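Have a look at the structure below, then the notes.
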Amino acid sequence: MSRFVASMMMLHTLLMASVNAEELVYTRAFADDDYGSYHVAVLNAVFAATPEYGDVALIPHPHPMSQSRQLVTLLKGDADVMWSVTNINREQRLLPIKLPLLKGYSGYRVLVINPSEQANFAQQTGEALKQSTMVQGADWPDLNVLKANGYNVSGEDWSLWFHSMYSMVDKGLVDAFPRNIIEVHRDLTRHSEKAITLEKHHLLFYPNYEYFFVKPDNIALANRLRVGLIRVLESGELETIFNRFDAHRKAQRIADGKMRKVHMLTNPSIDYTLPYARWDKHTDLAINTLKQIQY
């Protein structure tokens, strides 16, 4: 067989696989090409690791939307999978695949402040910190977490790339915007024209996990995601994908650093903690736990 004929046969096979692939739609908060690149890379790796379930064409939902709207979109059947931090309500309405995609880093919150306030925050104790005015997304589970722990925080409606929240810090309308330690570096770059910076002395921490979610009746997809995550954990591919992102490496330095005062908070939004949240350190426990999950 000539190389040309062999190449044409391979191309035909690939085209047929693409035509026959099942389309799966994921929701997204923003339309930018780089948004969700880690999560999409994990989804692609999971589907590649489970070929016996069939071919998949992964497609973004055409419209960016808030977290609460993403949930409704899944329930209506207009999308197949989303990723989000969890809470009791979301786990009651959707099926979570309980591997913390961000190693539990979603529970580490660093404060974004106006640079002029850096010295003031350096002097604050835990109780004084609670009196500082803070802002969170109005539909984020973190808003209730901070309120339950006595923090002076208000909710702000969703806006593109959190423009309104960062503008509030820039203009001195609030003292701080708590952000998770993975997303904050991207945000600072995107809003570099504003007077905002990382606060250097405090770190909030509470159990907080980001999962993939699917519709409660989509058992087949939930199981495929579960099996695929087990396989990419076993092969080490998940860790490789995670470490590919500079923001993840910066987040780990903050989480494992010793220079900040860590304030331990409770999370009334969930009624459990995961001992394998740092699946890079507890890989076998994460794998064995996923293997025991039944939908």
Side-chain angles (χ1 to χ4, degrees), residues 10-86 90 93-103 106 160-161 182-183 186 209-248 279 286 290 293 295:
M10 182 177 292
L11 178 60
H12 175 76
T13 300
L14 292 172
L15 288 173
M16 289 303 295
S18 177
V19 168
N20 295 325
E22 178 186 6
E23 291 188 350
L24 290 180
V25 178
Y26 63 88
T27 60
R28 52 188 179 151
F30 306 105
D32 299 53
D33 290 340
D34 64 341
Y35 173 75
S37 53
Y38 164 68
H39 301 84
V40 173
V42 173
L43 285 172
N44 280 321
V46 163
F47 294 137
T50 52
E52 69 271 25
Y53 289 83
D55 297 316
V56 168
L58 199 56
I59 300 171
H61 193 281
H63 305 299
M65 61 190 82
S66 66
Q67 289 184 15
S68 55
R69 186 62 189 169
Q70 290 181 53
L71 185 150
V72 172
T73 300
L74 251 65
L75 290 175
K76 289 174 61 179
D78 293 334
D80 301 289
V81 61
M82 65 178 283
W83 55 83
S84 168
V85 294
T86 194
R90 289 179 187 180
R93 301 181 68 185
L94 298 171
L95 269 185
I97 292 78
K98 289 188 174 181
L99 182 76
L101 298 167
L102 299 176
K103 300 183 179 181
S106 297
L160 189 61
W161 288 112
I182 285 183
E183 295 177 343
R186 175 202 66 196
Y209 312 121
E210 185 175 85
Y211 302 143
F212 288 129
F213 289 89
V214 301
K215 280 182 65 177
D217 60 354
N218 200 344
I219 304 298
L221 179 56
N223 270 316
R224 180 170 190 172
L225 292 171
R226 180 183 65 85
V227 171
L229 286 170
I230 290 171
R231 291 178 183 175
V232 296
L233 274 169
E234 289 175 330
S235 68
E237 185 177 5
L238 185 58
E239 178 72 357
T240 298
I241 295 171
F242 189 91
N243 289 331
R244 196 181 297 162
F245 293 83
D246 183 58
H248 295 181
W279 42 260
L290 284 174
I293 293 175
Y295 296 109

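The shown structure was predicted, so the numbers you read here are calculated from the model rather than taken from an experiment.
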Side-chain heavy-atom pair T86, K98 within 4.5 angstrom cut-off: no

Identified side-chain hydrogen bond (donor to acceptor under 3.5 Å, both in side chains) partner of T50 from the options R226, R224, R231: R224

Minimal non-hydrogen separation, A45 against I241, with atom names: CB-CD1, 3.7 Å

Minimal non-hydrogen separation, A48 against P51, with atom names: O-CD, 3.5 Å

Side-chain heavy-atom pair L58, N44 within 4.5 angstrom cut-off: yes

Side chain to side chain contact (heavy atoms under 4.5 Å, CB included) partner of W83, chosen from Y211, F213, Y26: Y26

side-chain contact (heavy atoms from CB on, under 4.5 Å) between L102 and H248, worked out: CA-CA 8 Å; L102 299 176; H248 295 181; 4.3 Å; yes

Partner of T27 by side-chain hydrogen bond (donor to acceptor under 3.5 Å, both in side chains), out of Q70, R69, H63: Q70

Closest non-hydrogen atom pair, V46 against G228: CG1-CA, 3.7 Å

Heavy-atom side-chain contact between Y209 and L99 under 4.5 Å: no

Distance, nearest 0.5 Å, that separates CG of L95 from CZ of F212: 14.5 Å

Point-to-point distance, once rounded to the nearest 0.5 Å, from OH of Y38 to CD1 of I182: 7.5 Å

Nearest-0.5 Å distance that lies between atom CG in D78 and atom OG1 in T73: 6.0 Å

Between CD on residue E22 and CD1 on residue I59, distance to nearest 0.5 Å: 10.5 Å

Where P62 and R28 come nearest, the two heavy atoms and their spacing: O-NH2, 3.5 Å

Student check: side-chain heavy atoms of R93 and L71 closer than 4.5 Å: yes

Lys NZ or Arg CZ of K103 over F242 ring: under 6.0 Å, within 45°: yes

Test applied, side chain to side chain contact (heavy atoms under 4.5 Å, CB included); reference residue, L225; option that passes from V42, L290, V214: V214

Ionic contact status for E210 with R90, cut-off 4.0 Å: no

N223 side, atom CG; I97 side, atom CD1 - distance, nearest 0.5 Å: 9.0 Å

Closest non-hydrogen atom pair, A21 against A57: CB-N, 3.9 Å

Non-hydrogen atoms of W279 and L101 that approach each other most closely: CZ2-O, 3.9 Å

Distance, nearest 0.5 Å, that separates CG of L94 from NZ of K215: 10.0 Å

